[in-house]
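Some notes on the structure that comes next.
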Amino acid sequence: MIVPMGTIMGLSALLFGIGAFGFLARRNIILMVVSIEVMLNAVNLSLAGFSHQLNDSRGQVLALLVIAVAAAEAAVGLGLVLAMNRNRPGAHIADLTSLKW
Amino acid sequence: MNAAEATFYYLAAASVGSALLAVTRSNPVHSMLWVLALFLHVAGIFLLLGAEFLAAVQVIVYAGAILIFYLFVVMLLDLPDEEAGPRYGPHWPFAAAAGLSFAALAWLARTQWIGALDGARAVSAAVPGDTPELGSAAAIGFALFGPFALPFEIAGLVLLAAIIGSVVLARRPEVGP
């Protein structure tokens with residue numbers, strides 16, 4: 001282990017906190033979805049750290065499955081953004097106040 | 001501090017810096033490029049942790065496919081007034097408090113895991129066997145098609161559902177009766 005496990009956990013916590021702030025604070029829907037990617041990357045980092053620490057490949061397999069789910073989430077989320085943009089130009093979360101156009 | 005440690009601390013500092021810049025830039029394209037920098041630095045940390053296959057997937061799938069997809073959508077939507085308006089909603093101090101408190105909680109909790117993990121490492125490192133090297137494509141493949149075969153198939157199903165769903169969502173509605 002080049003660095004203690006706690007250092008990797010701390011880095012992962014910092015990145016997850018930054019992603020959570022971005023998701024909650026940004027007004028642009030695309031940047032909110034990108035902040036989710038930052039949070040997923042932080043989780044992948046801690047999974048890889050655990051895998052290295054415990055000498056077990058299960059953590060890396062879980063990280064691969066997280067990447068697959070992130071790809072699916074990006075596809076569906078951006079499809080939703082495109083569909084909403086067709087009805088009402090712009091990508092601001094505060095504009096989505098009506099349930100039906 | 002040896003070279004590997006110095007590399008890790010550089011990669012960690014650059015990741016945190018690019019993540020901060022990614023969520024604070026007002027231009028969406030600049031944000032995407034900072035997220036690209038974050039993904040590449042995290043791939044470097046994966047390499048240092050011995051997860052070579054995961055680092056390759058991170059660069060090819062995350063930085064190469066998913067992020068380019070985001071850039072396509074940003075440029076397709078053409079948001080000219082994005083930089084003029086406020087980049088955060090009016091509730092952003094609460095969001096900052098939530099992010100900070102989560103990071104602080106996880107930072108405080110991590111010290112309790114270190115001792116337990118060192119014990120677990122001693123147990124699992126004692127298991128003998130001629131398994132392939134941890135983190136190589138062979139090890140990941142044996143795990144994916146062995147004990148993780150069902151989750152692997154379910155991940156494929158999730159991706160298929162996402163493909164069909166995004167095609168249905170983004171298709172133009174047909175005009176006519």
Side-chain angles (χ1 to χ4, degrees), chain A residues 2-6 9-22 24-28 30-31 34-35 37-38 41 44-45 48-49 51-58 60-61 63-65 67-76 78-83 85-86 90-91 93-94, chain B residues 4-5 8 12 15-16 19-20 23 28 31 35 42 45-46 48-51 54 57 61-62 66 69-70 73-74 77 79 82 87-89 92 95-96 98-100 102-103 106-107 110-111 113-114 117 120-121 124-125 134-135 139-140 143-144 148 151 155 158-159 162-163 165-166 169-170:
Chain A
I2 46 166
V3 288
M5 185 60 203
M9 300 305 301
L11 174 62
S12 174
L14 274 179
L15 286 179
F16 195 97
I18 293 169
F21 163 70
L24 292 173
R26 292 302 297 231
R27 293 175 70 232
N28 191 316
I30 304 173
L31 291 172
V34 164
S35 301
E37 303 287 340
V38 174
N41 233 296
N44 276 351
L45 189 59
S51 166
H52 185 68
Q53 175 82 13
L54 302 175
N55 198 14
D56 191 328
S57 68
R58 278 178 290 181
Q60 296 179 20
V61 174
L64 275 181
L65 296 179
I67 289 179
V69 171
E73 168 251 322
V76 175
L78 294 180
L80 276 173
V81 170
L82 282 181
N85 187 67
R86 191 176 304 129
I93 194 75
Chain B
E5 271 181 72
F8 175 83
S15 315
V16 173
L20 274 175
V23 299
S31 277
V35 172
V42 171
I45 297 179
F46 285 165
L48 281 182
L49 290 175
L54 199 57
V57 168
V61 176
Y62 245 127
I66 298 182
F69 183 40
Y70 277 102
V73 173
V74 165
L77 289 193
L79 307 163
E82 186 58 40
R87 62 192 82 166
Y88 302 130
W92 72 268
L100 266 181
F102 179 85
W107 185 280
R110 91 207 148 95
T111 51
W113 299 332
I114 298 171
L117 279 175
R121 180 193 198 179
S124 85
L134 184 74
I140 302 288
L144 266 187
F148 281 89
V158 166
L159 282 174
I163 291 169
S166 55
L169 279 173

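Letters go in sequence order (proteins before strands), and every chain restarts at 1. These figures come from a predicted structure and were not determined experimentally.
Contact annotation for A:Ser57: both backbone and side-chain heavy atoms come within less than 4.5 Å of a heavy atom of chain B. Heavy-atom distances place the side chain of B:Ile45, and not its backbone, under 4.5 Å from chain A. A:Glu73 touches chain B through its side chain: at least one heavy atom from C-beta onward sits under 4.5 Å away, while N, CA, C and O do not. Only the side chain of B:Ile66 comes within contact range of chain A, judged by heavy atoms closer than 4.5 Å. At a 4.5 Å heavy-atom cutoff, the contact between B:Tyr70 and chain A is made by backbone and side-chain atoms alike. For B:Ala12, the parts lying under 4.5 angstrom from a heavy atom of chain A are both the backbone and the side chain. Contact annotation for B:Val158: both backbone and side-chain heavy atoms come within less than 4.5 Å of a heavy atom of chain A. With a 4.5 angstrom heavy-atom cutoff, B:Phe69 touches chain A via backbone and side-chain atoms both. Contacts between B:Ala51 and chain A at a heavy-atom distance below 4.5 Å involve backbone atoms as well as side-chain atoms. Heavy atoms closer than 4.5 Å to chain A are found in both the backbone and the side chain of B:Val16.
Interatomic distance, CH2 of B:Trp107 versus CG of A:Leu11, reported as 8.5 Å (0.5 Å rounding). Put simply, CG on B:Leu144 and CG on A:Leu65 are 6.5 Å apart, with the number rounded to the nearest 0.5 Å. Interatomic distance, CG of A:Asp56 versus CG of B:Leu134, reported as 7.5 Å (0.5 Å rounding). Note: A:Leu31 CG to A:Ile93 CD1 = 11.5 Å, rounded to the nearest 0.5 Å.
Among the candidates A:Ala25, A:Gly19, A:Gly17, the residue making the largest number of heavy-atom pairs closer than 4.5 Å to chain B is A:Ala25.
Side chains of A:Leu82 and B:Leu77 form a contact here, defined as non-hydrogen atoms less than 4.5 Å apart.
The aromatic rings of A:Phe16 and B:Phe102 are tilted relative to each other, their planes meeting at an angle between 30° and 60°.
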